[in-house]
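For reference, the structure is listed below as structure tokens.
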Amino acid sequence: MGIYVSLPFWENQVVVEYHRKRMASVEAKKLLQTLKGEDDGANYILHAADYSIDARQEVCDCHPHQTCFGRFINHRANEDGPNLKWKQLVVVNVKWPFLVATRDISAGEELYYDYGVRPGDINEGQKMVFLMSGKARKRRRDAAVAMENKKPKEVGDASSGNLKPRTAMEIQTQDDSSSKPGVLAIHEREAGEENREK
Ligand SMILES: C[S@@+](CC[C@H](N)C(=O)[O-])C[C@H]1O[C@@H](n2cnc3c(N)ncnc32)[C@H](O)[C@@H]1O
């Protein structure tokens, strides 16, 4: 589940309070030792400087009939452009964590903030499968294509086991009648040779 907004927000506007049970960070750290996996809700605990908010439960004693929307907001790392960041605001002399828009947010957008965790380092041994943002997916695709373009292609007669690595190859459909239809062959393009595919 994630949170999608039905109204627009503008940059720096407070979107939601991360409100639930407040506890000292020392206490939260002890609690984390007892939580084994993400099913225990460890990722619903937000750590501020000297206090933490335990939002494992949907409701809290002071708001027994209201859910905390902040606890449903998913993670997106800062480099992938989350649209929220958390900020402490003082309410009646007490600091509380709020989620504030990092840019204008349009109605219909999903909310994200950076939990400050990275694959491999979440709460010592706990696992979180990281969803990839569209941008991160594109970066990975582009990197794969760049790698593929750099890689020397191997050519030759596979049946004889006589594969010769070559670079700067052109791959086109086999047009030799003696070969099986549809099999790909690799032809080295001579300088000035016409492109046989055209
Ligand atoms: C604070 S909750 C966020 C709301 C959660 N999606 C839900 O439905 O209750 C944190 C949990 O959401 C999931 N989550 C949040 N961001 C994620 C991401 N970028 N990739 C994968 N799972 C994510 C993980 O299961 C994590 O333990």
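Just so you know, ligand 1 is whichever comes first in the structure, and atom 1 is the first atom listed for that ligand. Atom set for the values below is all heavy atoms of this structure, side chains included, hydrogens, waters and symmetry mates excluded.
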- Item | ligand 1 N/O within reach of Tyr44 N/O, cut-off under 3.5 Å | yes

- Message: With a sphere of 6.0 Å drawn around CZ of Phe69, does it hold more than 12 non-hydrogen atoms of other residues, nucleotides or ligands?
- Response: no

- Task: Look at atom CD of Gln57 and say whether more than 12 heavy atoms of other residues, nucleotides or ligands are closer to it than 6.0 Å.
- Result: no

- Between Asn74, Asp114, Asp80, which one has a non-hydrogen atom sitting closest to atom 13 (C) of ligand 1? Asn74

- Item | Side-chain donor/acceptor of Asn83 to backbone N/O of Glu110, under 3.5 Å | yes

- Tyr112: heavy atom below 4.0 Å from ligand 1, yes or no? no

- Message: For ligand 1, which is the ligand I care about here, please tell me if Ile73 has any N or O atom under 3.5 Å from one of the ligand's N or O atoms.
- Response: no

- N or O contact, Arg76 vs ligand 1, cut-off under 3.5 Å: no

- Query: Under 4.0 Å between a Lys/Arg side-chain N and an Asp/Glu carboxylate O for Glu109 and Arg103?
  - Reply: yes

- Query: Tyr18 and Val91: same hydrophobic cluster, using ILVMFWY side-chain contacts below 4.5 Å?
  - Reply: yes

- Item | Residue part near ligand 1, for Arg71, under 4.0 Å between non-hydrogen atoms | backbone

